[in-house]
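Every chain is numbered from 1 and lettered A, B, ... according to where its sequence line falls, protein lines coming before strand lines. Bear in mind that the values here come from a model prediction, so they are computed numbers and not experimental data.
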Number of protein chains: 2
Amino acid sequence: MVAEKVFTQLRRGTLEFCVLALLQGEPRYGFELVKALGEVDGLVTTEGTIYPLLARLRREGLVETSWRESESGPPRRYYTSTAEGSQALAAFTADWQRFCASVDAILERGRRG
Amino acid sequence: MVAEKVFTQLRRGTLEFCVLALLQGEPRYGFELVKALGEVDGLVTTEGTIYPLLARLRREGLVETSWRESESGPPRRYYTSTAEGSQALAAFTADWQRFCASVDAILERGRRG
DNA sequence: CTCCGCTACCATGCGACACAAGGTACCTGT
DNA sequence: ACAGGTACCTTGTGTCGCATGGTAGCGGAG
């Protein structure tokens, strides 16, 4: 709970697109996303983070939603990526790789210095 | 100026340690750091960001400072990484690599889906 | 029937970076 | 020696995304 604080900052800006990536070709609902992200190192989060994020994606037209009945529990709101969402994801992926390369270079320089 | 907004978020949490990396083995002053970061893709920033950041690092004991005369201009406050700073940098580097690997994996999955 | 897990959602707060202005010291040209 | 420009540091305000904690409803297990 203490060392994890670093990841809270690192997640900024990336979490949004990680969600978008998880929605590619496969509709998912909120709680499912929390569990999926929880299995990935450094991306653990909670519903309180995911739902505002999903609402934002919806406002921006990057995802669409639809209700479906569940066999065990309350109905679920499924989120699907729009074409615009996939496009935004692709653009981010390029930016992300550039950014990673820059940071890696600096950290590497620091290790030598 | 529009697409750069993504990087603003990505910088969060990493900028601090990029500065720390630049200080390894080589004392630098604030303005110099701004220029050095400005040459790196995605890490461009301004004094208004750097100085509060440096103040934070100093409060946390990760850097030390000392004034030195300049041959051309006002005196400069030089920042040096402490042993604690180098240690924190090493810890972050490990976290960063874990995080990158996670994000890369998710983005990759999204491209296939 | 009651408790607990699942599911969705909202209100509030914090932390880190951006933007912009202000201030002081030094140098240079004339 | 004075004016203006540059180097350098500082401070205040704004923005935005994630965290924390809480509400509410449904359904199954004990």
Once you round it to whole Å, what is the distance between [atom2] of [N] and [atom1] of [X]?
X        : N       : atom1 : atom2 : value
Glu71(B) : dT28(C) : CD    : P     : 11 Å
Phe7(B)  : dC19(C) : CZ    : C1'   : 19 Å
Gln9(A)  : dT15(D) : CD    : C1'   : 14 Å
Leu53(A) : dG17(D) : CG    : P     : 9 Å
Leu37(B) : dC17(C) : CG    : P     : 11 Å
Ile50(A) : dG17(D) : CD1   : P     : 14 Å
Arg59(B) : dT10(D) : CZ    : P     : 13 Å
Leu54(A) : dG17(D) : CG    : P     : 14 Å

Taking the inter-plane angle between the rings of Phe7(B) and Phe99(A) on a 0 to 90° scale, is it parallel (under 30°), tilted (30 to 60°) or perpendicular (over 60°)?
-> tilted

Compare side-chain N and O positions of Arg12(A) against OP1 and OP2 of dA19(D) and report whether any pair is under 4.0 Å apart.
-> no

side-chain N/O Thr45(A) vs dA19(D) OP1/OP2, d < 4.0 Å = yes

Charged N to carboxylate O below 4.0 Å: is that the case for Arg76(A) and Glu32(A)?
-> no

Hey, are Glu64(A) and Thr80(A) close enough side-chain-wise for a donor-acceptor pair under 3.5 Å?
-> no

Separation between OG1 (Thr49(A)) and CG (Leu54(A)), nearest 0.5 Å, reads 10.5 Å

Would you give the length of the straight line joining atom CD of Glu16(B) to atom CD1 of Ile50(B), rounded to the nearest 0.5 angstrom?
-> 10.5 Å

Residue pair Tyr51(B) / Phe31(B): nearest heavy atoms and the distance that separates them | OH-N, 3.3 Å

How far apart are the closest heavy atoms of Leu89(A) and Ala21(A), and which atoms are they?
-> CD2-CA, 3.7 Å

With sugar-phosphate taken as primed atoms, P, OP1 and OP2 and all else as base, the protein-contact string of nucleotides 2-11 of chain C at under 4.0 Å (heavy atoms; B, S, -) is ----BBBBB-

Which nucleotide in the set dC19(C), dC18(D), dG17(D) lies at the smallest distance from any side-chain heavy atom of Leu15(A)?
-> dC18(D)

